[in-house]
Each structure stands twice: as structure tokens, then as C-alpha cells.
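The block underneath contains the structure these notes are about, expressed in C-alpha cells.
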Amino acid sequence: MDNCNVPVVQTIDLVKRYGDGVGTLALRGVNFQMKQGEFVAVVGASGSGKSTMLNMIGALDRPTSGHVVIDGHITSRLNDEGLASLRGDTIGFIFQFHYLLNEFTVLENALMPLSVRKGGPTRDELAWVKELLGRVGLADRMKCRPTQLSGGQQQRAAIVRALANRPKLILADEPTGNLDSQNGALVFDMLRELNSQFGIAFMLVTHDDRLAQEAERIVMVEDGHIVADYDVAKVEEQIV
Ligand SMILES: Nc1ncnc2c1ncn2[C@@H]1O[C@H](COP(=O)(O)OP(=O)(O)OP(=O)(O)O)[C@@H](O)[C@H]1O
Ligand SMILES: [Mg+2]
């Protein structure tokens, strides 16, 4: 199927309520679309619903109502097995804390999404992951344990792990939140480069306005709503 024009992400009236009764209304009807290969920064105050939005889009949790469509698949129509395979084939996750496993080497950690699959990584997949580790400057760290790496290097290894299955979409929740500004900028630049080189769509939550300005598009979340959604280049044009 030629699905070049299918949005990689679409949400329709997405609502998420946590808890029983009145609970907390974390998303109040979010309608959002993202094209293949786009780089979107999600910004907003603490508690505004950014992580909830990412978790729904990444099928880590089910919405209270509304729909999420990932690469043409309506996630509410999938059972747990279908969701797991959609996550495994299409989506890569990067979190604030990298969750690398110290019992394994950097290379083994990066290969993990492929190793848990039946048959394990193919020769091509192994070559791809090694190439990525080289691109993020970890060629000579592959056999190290994660704790032998700096914070920035650990996050770079986690990025490679997210890319191992060649996802169409990367969801990154404050991937630079735990790094100093110099390492944060380095990691961000790498994500931007991987986005432009491989056409992988990125949806990235950040609290750093300077980094957000380096995205193609900024989505601002407030109290469970998208309150602004704009193309960074177009706004810059207007300012100039
Ligand atoms: N598992 C949960 N159970 C109950 N309430 C939750 C849960 N997760 C989030 N919430 C609530 O939902 C709202 C949105 O939370 P969310 O984590 O999406 O915010 P956020 O924008 O990611 O904030 P931050 O910038 O601090 O990470 C908040 O009021 C939060 O307290
Ligand atoms: Mg959050």
C-alpha cells in the first residue's frame, strides 16, 4: 500500500481522565496531526498534559475517549498484542531517564528491541545499529557497560536503541531534561540530524524554549488542550 500521504499520527477528540469519578481530566479533546518526517516540539507548563499526550499516541496507555491513528492504524481497534506489535514495528521511545540495563553492554542495550523479537537481530540490523552507534560518537564504547558512560553518552545509546527497529515515529519525553545545556544541545542536534537523514518523524517534549525553537513546528499544551500550533520557520519569517 502506498501510504506516503497517511499522517504518521492523528488524534481525534482525544480525552484522558485519570482516576475514578471526577478524577483528573488530563486531555480535554485533542485533535492533532503529524506528517511523516516532521519534527515537532511539544511545550507547556508542568501538568499541562504533554506526557499524557505522548503516552496515548505511543499506545502506552488507552484514552478515555477519542481515537489515535498511527500510520493508518486505529489503535482502539487493536488488542494488546496488536498494540505491542504496532509499538515494536513503528514507534521508538526516548525518555528523560534512559533505562539502559547495566547487565548488558552498550551494543546489547541498543540491540534490545531486536533481540526480544523471535530470531533476534539479522546481520543487516546489527550493521545498522553499529552504524548508528558510530554516528552518535559511541563507536569505541560499544563494549562498555552503561555506567561506564557519561550521562550524555548514555542518552545517545538510548537514542540508538529507540532507532534500532527503524521506526517511522520517535516519541521523546524530555530526552534532554536530565542533561546539562551543552550535552542537551548536542543530543538535540543529533535527533534533528537523524530526523533529516532518515525521514523519521519526531515528537519531542521539552522545557527548553531555545531547543524548541530548533524544531520545525511547536505545539503548545495548556490544561489538556493544544492552545498553539505553529511552523517555526513561518513565524521567524514574520518576525524578520
Ligand atoms: N498516572 C496518573 N494518575 C493520575 N493522574 C495523573 C497520572 N499521570 C498524570 N496525571 C495528571 O494528569 C495531568 C497531566 O499530567 P502530565 O504528566 O501529562 O503532565 P506534563 O505536561 O507531562 O507535566 P511535566 O512537564 O511535569 O512532565 C496532571 O494533572 C497530572 O497530575
Ligand atoms: Mg511530563
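These numbers were taken from a predicted model, which means no experiment stands behind them. Note that ligands are numbered from 1 as they come in the structure, with each ligand's atoms numbered from 1 the same way. The basis for the numbers below is simple: all heavy atoms, side chains too, and nothing from hydrogens, waters or symmetry mates.
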- request: Anything with a heavy atom under 4.0 Å from ligand 1 counts, so go ahead and list those protein residues by chain and number.
  value: Tyr18, Thr24, Ala26, Ala45, Ser46, Gly47, Ser48, Gly49, Lys50, Ser51, Thr52, Glu174, His207

task: Would you please name every residue forming a ring pair (Phe, Tyr, Trp, His ring centres under 6.0 Å) with Phe198, sequence neighbours left out?
output: Trp128

message: The test is side-chain contact (heavy atoms from CB on, under 4.5 Å); show your working for Val205 and Leu54 and say whether it passes.
response: CA-CA 8 Å; Val205 174; Leu54 246 68; 3.8 Å; yes

- prompt: Can you tell me if an N/O/S atom from Ser51 lies under 2.8 Å from the Mg ion (ligand 2)?
  reply: yes

message: So, taking the atom named CZ in Phe32 and the one named CD in Gln10, what distance separates them when rounded to the nearest 0.5 Å?
response: 10.5 Å

task: Could you tell me whether Phe188 and Phe39 have their ring centroids closer than 6.0 angstrom?
output: yes

query: Crowded around Met220 CE? As in, over 12 foreign heavy atoms under 6.0 Å?
result: no

query: Does a side-chain N-to-carboxylate-O contact under 4.0 Å join Asp80 and Arg87?
result: no

